[in-house]
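Proteins get letters first, then strands, A, B, ... in listed order; numbering begins at 1 in each. Note that this is a predicted model, so its numbers are computed, not measured. No hydrogens, no waters, no symmetry mates; every other heavy atom, side chains included, goes into these values.
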Protein chains: 2
Amino acid sequence: MDARSPSSSRQSPWLPFESRRRARDEKREAVLRTAVQLFLEQGYHRTTLNDVADRLNITKPALYNYFGGKDEILFECWAIGNERVDDCINEIAAGGGTGLAKLRKLIVSYAEVMTTDYGKSLVRFDVRDLTEHNRRVVNTAKRKIDRAFRDYIAEGIADGTIKPCDPKLSAFAIAGSLNWIGHWFQPGGPMTAEAIAEEFAIRLTAGIATTSTRKKADKPPGKIKTSREDRDEHHARTAPRAAGQSKRTRDRLR
Amino acid sequence: MDARSPSSSRQSPWLPFESRRRARDEKREAVLRTAVQLFLEQGYHRTTLNDVADRLNITKPALYNYFGGKDEILFECWAIGNERVDDCINEIAAGGGTGLAKLRKLIVSYAEVMTTDYGKSLVRFDVRDLTEHNRRVVNTAKRKIDRAFRDYIAEGIADGTIKPCDPKLSAFAIAGSLNWIGHWFQPGGPMTAEAIAEEFAIRLTAGIATTSTRKKADKPPGKIKTSREDRDEHHARTAPRAAGQSKRTRDRLR
DNA sequence: ACTATTTATTACCTATGGGTAATATATGTG
DNA sequence: CACATATATTACCCATAGGTAATAAATAGT
């Protein structure tokens with residue numbers, strides 16, 4: 001759709017040196033999309049802002065129209081991934097179900113997020129590259145996720161769907177398996193993200209569930225999420241910024 | 001033992017600027033011990049060679065008497081951790097037992113290594129910081145570890161101690177949980193490394209073992225390792241170098 | 001004690017890359 | 001069309017940190 005310019009290279013809204021329109025947010029997102037790819041490919045420290053700019057057909061200083069610095073770009077990438085996980089947690093919390101059912105939903109959602117670029121950000125990026133402030137934001141968010149796992153396990157133990165166990169340790173074990181997905185998963189492999197997510201939901205709870213195994217009381221007719229329409233990329237978010245905005249240049253604009 | 005010098009600061013063989021003797025290898029190891037600590041504390045890229053040297057009461061160029069460069073230090077740290085895991089794998093391979101028993105032994109050993117500094121190196125350091133050559137060495141070693149997990153699972157399925165499942169995916173799930181230990185474990189917590197290792201060995205196999213749960217046919221009287229005498233630090237290794245030796249200065253010496 | 005070798009130190013060099021200033025080019029508005 | 005605004009570009013700056021050269025201080029051997 002939208003066959004406009006003579007140049008054919010997709011992916012960058014800045015066509016080699018011609019028509020440049022499109023909204024600001026769309027460009028912001030293009031920067032993040034490119035940045036997260038490069039950060040994952042080469043690692044944050046080995047990726048220069050010139051690398052990012054080059055791949056977008058612009059120059060380094062242009063990036064500063066959208067971000068205050070390299071670390072802020074890193075933070076925003078992380079923020080998108082976190083937002084996705086956070087949405088899942090909130091949806092699960094809103095819906096009902098047993099502790100085990102909620103835990104499985106969380107595993108499925110979290111596993112799927114882990115197979116996306118922004119999801120990988122959550123486990124492949126180093127918090128210590130962020131500013132003091134953003135680091136705190138990240139740590140708070142991580143605690144929330146950890147809390148969700150532990151709470152659902154505790155709920156499951158309380159309602160009898162999960163065998164008595166140490167919620168903390170079990171949460172670590174489960175989260176570890178899921179986080180690891182962010183390190184090995186590559187689209188195009190033998191299994192789809194959804195298949196892996198489903199499989200993990202069963203496997204990771206097989207040891208602690210009271211109801212022996214395989215599909216049971218989870219998935220009540222009105223399914224909660226699972227489908228996920230906006231596959232990867234794009235995410236709207238025009239207003240909900242305001243979180244990052246670290247140090248440096250930020251006053252001279254606006 | 002060995003109350004010699006007036007200065008009391010332990011940890012560094014280079015006492016503030018006085019008696020300097022001791023063998024070369026002991027100093028080499030002191031460098032690695034300090035480096036791995038700093039790399040874990042601050043991250044590889046945020047740690048400068050001056051940081052390492054300072055903590056040892058020496059200056060940066062002195063490090064080059066023992067290592068060819070920063071990345072070589074990183075590699076050696078990794079190598080020590082890998083050596084420990086490799087020893088475990090070889091011992092397990094030498095001993096007998098069912099597939100499940102071997103898998104559990106591997107989980108226990110691997111988990112324990114993951115709680116040490118050098119063990120953490122295996123999962124916290126980025127392979128891309130190494131030279132092409134060393135990167136290949138690391139990748140080969142990682143494949144061997146992955147192989148061990150998969151093979152024992154496959155053996156277990158064959159001998160009936162493990163339920164039919166996809167060895168690859170199960171290995172990823174288990175390894176993920178274990179690798180995650182390297183990210184959250186801190187000595188001094190409520191659980192000891194050994195307790196965590198034992199717990200994980202049970203938990204991570206509970207879902208796939210055929211023999212319902214809890215201790216069973218594992219641990220045949222003649223126990224294999226588990227005790228581990230040389231707790232942390234030190235590791236002898238005087239000869240078995242020769243692996244690293246990347247690019248740069250290496251000719252001018254010797 | 002004299003010499004050779006090892007192992008430090010001081011003083012540099014230099015590439016890299018994040019960030020900035022000054023300026024140009026679109027874009028859109030009255 | 002002129003003017004304001006947003007958004008690029010070119011040309012810099014400069015701190016950092018890995019690495020090296022020249023040299024001094026230990027240590028060992030004879």
Does A/K27 put a side-chain nitrogen or oxygen below 4.0 Å from OP1 or OP2 of D/dA8? yes
Phosphate-side-chain proximity, B/R24 and C/dT6, N/O vs OP1/OP2 below 4.0 Å: no
Any side-chain N or O of B/Y66 below 4.0 angstrom from OP1/OP2 of C/dA8? yes
Inspect the contact between A/R150 and A/D146 and indicate whether a charged nitrogen and a carboxylate oxygen are less than 4.0 angstrom apart. yes
Quick one: A/L74 CG to C/dG18 P, roughly how many Å, whole number? 12 Å
Under 3.5 Å, is there an N or O donor on one side and an acceptor on the other linking the side chain of B/K60 and the base of D/dG19? yes
Quickly work out the B/K70 NZ to C/dT16 P distance and round it to whole Å. 16 Å
Rounded distance (Å) that lies between atom P of C/dG18 and atom CZ of A/R46: 13 Å
Using atom NE2 of A/H45 as one end and atom P of D/dG18 as the other, report the distance to the nearest whole Å. 12 Å
So, are A/R55 and A/E41 salt-bridged, with charged N and O less than 4.0 Å apart? yes
Taking only N and O in the side chain of B/Y64, is any of them less than 4.0 Å away from OP1 or OP2 of D/dG19? yes
Per atom distances to the B/L49 side chain, the nearest of D/dG18, C/dT10, C/dG18 is D/dG18
Figure out the CG/C1' separation between B/D25 and C/dT7, and round it to whole Å. 15 Å
Mind calculating the distance between CG (A/L38) and C1' (C/dG17) to the nearest angstrom? 15 Å
Quick one: is D/dT9 close enough that its OP1 or OP2 comes under 4.0 Å of any side-chain N or O from A/T59? yes
Can you measure A/L130 atom CG to C/dG18 atom C1' for me and round it to whole angstrom units? 16 Å
Hey, are A/N82 and A/Y118 close enough side-chain-wise for a donor-acceptor pair under 3.5 Å? no
Is it true that A/D126 and B/R46 have a side-chain N and a carboxylate O under 4.0 angstrom from each other? yes
May I ask you to say whether B/R28 pairs ionically with B/E76, meaning some side-chain N is under 4.0 Å from a carboxylate O? yes
Measure CG/B/N50 against P/C/dA11 and give the value in whole Å, please. 14 Å
Any B/N65 side-chain N or O less than 4.0 Å from OP1/OP2 of C/dA8: yes
